[in-house]
Amino acid sequence: MNREYELKIKRNRIRRKRQLRRNFIIFVFSIIMVLTLSIAFFGIKANAESKNKEHVYKYFKSVTVNNNDTLWDYAMNFSNDDNYQAYVDEVVVINHLYNGEIEYGMNLVIPYYSKEFIN
């Protein structure tokens, strides 16, 4: 009786190891499938978006601040989208204007955008 009990325990251990191995393989396979499908989906999406967009090139120029000019005026004139705050923040960083104030006669480096490539 004791021998049968030991064999039963041994068979249960072997079966449990097989189950764990099978579960681990299924888990790894699932992760690989999710990653593969994610890469395929986002890769196709990225290609579809990039074909429809026009290329816009970013350039920089120097301007002299006139009377009553503000950074928001430059953002409205030279930004390529409606996110004026991001443009103003960029001009502040480029020109080391940590207080965000500009004065008449200052020279600023500002970005502007063009669809034409300037060689």
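These figures come from a predicted structure and were not determined experimentally.
Listed here is the closest heavy atom pair of Val65 and Leu108: CG2-CD1, 3.7 Å. Across every non-hydrogen atom of Tyr112 and Ile118, the tightest pair is OH-CD1, 4.1 Å. Considering all non-hydrogen atoms of both residues, Tyr74 and Thr64 come closest at OH-O, 3.9 Å. Nearest heavy atoms, Tyr113 versus Glu90: OH-OE1, 3.9 Å.
With a 4.5 Å cut-off on side-chain heavy atoms, Asp73 and Thr70 count as touching.
Atom CG of Asp69 and atom CD1 of Ile102 lie 6.0 Å apart (nearest 0.5 Å). Taking OG of Ser114 as the reference point, atom NE2 of His55 lies at 13.5 Å (rounded to 0.5 Å). For the atom pair CG (Asn12) and NZ (Lys17), the distance works out to 12.5 Å, reported to the nearest 0.5 Å. In this structure, CG on Asn107 lies 11.5 Å from CD1 on Ile110, to the nearest 0.5 angstrom. One distance of note links CG of Asn2 with CG of Leu7; it measures 10.0 Å at 0.5 Å rounding. For the atom pair Glu4 CD and Glu6 CD, the distance stands at 11.0 Å (nearest 0.5 Å).
When the side chains of ILVMFWY residues are joined at heavy-atom separations under 4.5 Å, either directly or via intervening members, Tyr57 and Val91 end up in a single hydrophobic cluster. Taking hydrophobic clusters as Ile, Leu, Val, Met, Phe, Trp and Tyr residues chained together by side-chain heavy-atom distances below 4.5 Å, Met106 shares a cluster with Phe78. Both Val56 and Phe117 are part of a single hydrophobic cluster, where members link through side-chain heavy atoms under 4.5 Å apart. Note on Met76: it clusters hydrophobically with Leu71, by side-chain heavy-atom contacts below 4.5 Å among ILVMFWY residues.
Shown here is Glu103, whose CD atom has no more than 12 heavy atoms of other residues, nucleotides or ligands within 6.0 Å. By the 6.0 Å contact criterion, CZ on Phe29 is open, its count of non-hydrogen atoms from other residues, nucleotides or ligands being 12 or less.
One side chain, Asp89 or Gln85, offers a donor N or O that lies under 3.5 Å from an acceptor on the other.
Listed for the Asn95 side chain is no donor-acceptor partner under 3.5 Å among the backbone atoms of Leu97. Put simply, the side chain of Tyr87 gets close to the backbone of Pro111: a donor and an acceptor are under 3.5 Å apart.
Exactly one of Leu35, Val34, Thr36 qualifies for a side chain to side chain contact (heavy atoms under 4.5 Å, CB included) with Ile32. That residue is Thr36.
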CA sep, side-chain torsions, deciding dist, call: Lys10, Arg13, side chain to side chain contact (heavy atoms under 4.5 Å, CB included): CA-CA 5 Å; Lys10 189 174 180 178; Arg13 284 184 185 159; 5.8 Å; no

